Every structure is written in C-alpha cells, then in structure tokens.
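What follows is a single structure, written as structure tokens, with notes after it.
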Amino acid sequence: MSTMQKIILWIAILIGVFILSDFLINVGINSTYQDIQRDDNHSQVIVYQADATYVNGRIRGLIKGAEKSQGKYLKVELYSKRDVLVGRNYIQMQDLKKEDTQPFELLFRAKDVASYKISMVDEKEPGDEIEVLPREWTQPEVVLGTIMAFLIFWG
C-alpha cells in the first residue's frame, strides 16, 4: 500500500469518526429532552418547541404582530410538577405590524420544569429572573470550532 493510499484511508477514517460522533452526540442530547406543557391560551404567541431536561430547557416560537406592542415584554413563567414557580424570564417585543412575526428563543437553566405560562406585560417585575443560557451553536459554527481546535492542538 502506497503512502498516498494510507493518507487517504486515515482521512476517511477521521471523517467517518467525526460524522458518527456528531450523530451520536445529537441523538444522546436530544433524547434527554421531554416536552413541557403550556398553561395559557395566548393566541398571539405560537410555540413550536418547548422541552426540558431535569436541569435545563428551551422554548422557541413566534410572536404574531399586534398593535401597540412597542415597549412590551413577553413574560415566560416556568412551573414544576406541583405548580411551584421555578423562574421567569422576559423577552423584549419589537414594534410589529399586524402581518409581521418576531421569532424568540429562550434557553434556560432551571430544575424540574413541567409547564410554562406566557403573558404580555408592560414592564418587568422586580425579582429574580432565571439564568439564560447562551444560544446554541449552529452546525457551521461547530465545524469551524472543531477545525480551529485541530489547528491549535496539531499546528
């Protein structure tokens, strides 16, 4: 076997291990999330993903446009299985026209969340807000980070 064939074989093995580990990590992480219930009937807010693990969670959705939404907040309250308030967070609403939508994403760290309520308020209430996690990385950001790590350690 020539040297070039060995190099190509090692590159193929490295790419295969990268793809397999990426797949297994995504399956492993996403299988620990379970859906959480919504306890309100707010028709202006559409939630398309709401799930949590024991220690953190994510809520993603869209806010439909409404009149006089400038300066308002979307209040998200998180509750445990026994309806104990675990935490709350506020999302600043943009000035939306009736046909516009505003996407929102809430990545939070709170234990044992089973349900949530969404409401619109004019201002933030004093008190503790939950710890918000940084946004998740997109796939190109993960690939770029991996390449940078390889360059740092083997460069």
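Just so it is clear, the structure is predicted and the values come from calculations on it, not from any experiment. In what follows, every heavy atom counts, from backbone to side chain, and hydrogens, waters and symmetry copies are set aside.
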For Ala52 and Phe108, which heavy atoms make the closest approach, and how far apart are they?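 So the two residues come closest at CB-CZ, 4.3 Å.
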Minimum heavy-atom distance between Thr101 and Lys64, given as atom pair plus value: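 Minimum heavy-atom contact is CG2-CA, 4.3 Å.
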Name each donor-acceptor pair under 3.5 Å that joins a side chain in residues 112-120 to protein atoms two or more places apart or in another chain, with its distance.
from, atom 1, to, atom 2, distance (Å)
Ser115, OG, Asp39, OD2, 3.1

Contact check, side chains of [X] and [Y], non-hydrogen atoms, under 4.5 Å:
X	Y	result
Lys72	Val121	no
Leu78	Ile59	yes
Gln102	Leu62	no
Val45	Leu74	yes

In the single-linkage hydrophobic clustering (I, L, V, M, F, W, Y; side-chain heavy atoms under 4.5 Å), do [X] and [Y] co-cluster?
X	Y	answer
Phe150	Phe153	yes
Ile15	Ile7	yes
Val17	Leu9	yes
Ile19	Ile11	yes

Could you name each residue pair satisfying salt bridge (charged side-chain N to carboxylate O under 4.0 Å, His left out) that touches residues 74-83, not counting sequence neighbours?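 For residues 74-83, and leaving out neighbouring residues, the salt bridge (charged side-chain N to carboxylate O under 4.0 Å, His left out) pairs sorted by first residue read Lys75-Glu77, Lys75-Glu125, Glu77-Arg88.
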Hydrogens and angles aside, do Glu123 and Tyr73 bring a side-chain donor and acceptor to less than 3.5 Å of each other?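 Absent: no donor and acceptor within the cut-off.
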Would you indicate whether Phe23, at its atom CZ, is surrounded by more than 12 heavy atoms from other residues, nucleotides or ligands within a distance under 6.0 Å?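 Atom CZ in Phe23 is not packed in, count stays at 12 or less.
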Can you tell me if CD on Gln49 sees more than 12 non-hydrogen neighbours from other groups inside 6.0 Å?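 More than 12 heavy atoms, drawn from other residues, nucleotides or ligands, come within 6.0 Å of this atom.
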Apart from Leu85 itself, which Ile, Leu, Val, Met, Phe, Trp or Tyr residues share its cluster (side-chain heavy atoms under 4.5 Å, direct or through members)?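 Members besides Leu85, by chain and number: Tyr79.
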Is it possible for you to check whether Arg60 lies under 6.0 Å from the centre of the six-membered ring of Phe104, through NZ or CZ, and within 45° of that ring's axis?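 No, Arg60 does not lie over the aromatic ring of Phe104.
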To the closest 0.5 Å, what do you measure between [atom1] ([X]) and [atom2] ([Y])?
X	Y	atom1	atom2	answer
Asp51	Asn56	CG	CG	9.5 Å
Ser21	Asn26	OG	CG	9.5 Å
Asp22	Ile25	CG	CD1	6.5 Å

Does the pair Met93 and Ile63 meet the rule for a side-chain contact (heavy atoms from CB on, under 4.5 Å), with working shown? CA-CA 8 Å; Met93 291 180 59; Ile63 304 169; 3.7 Å; yes
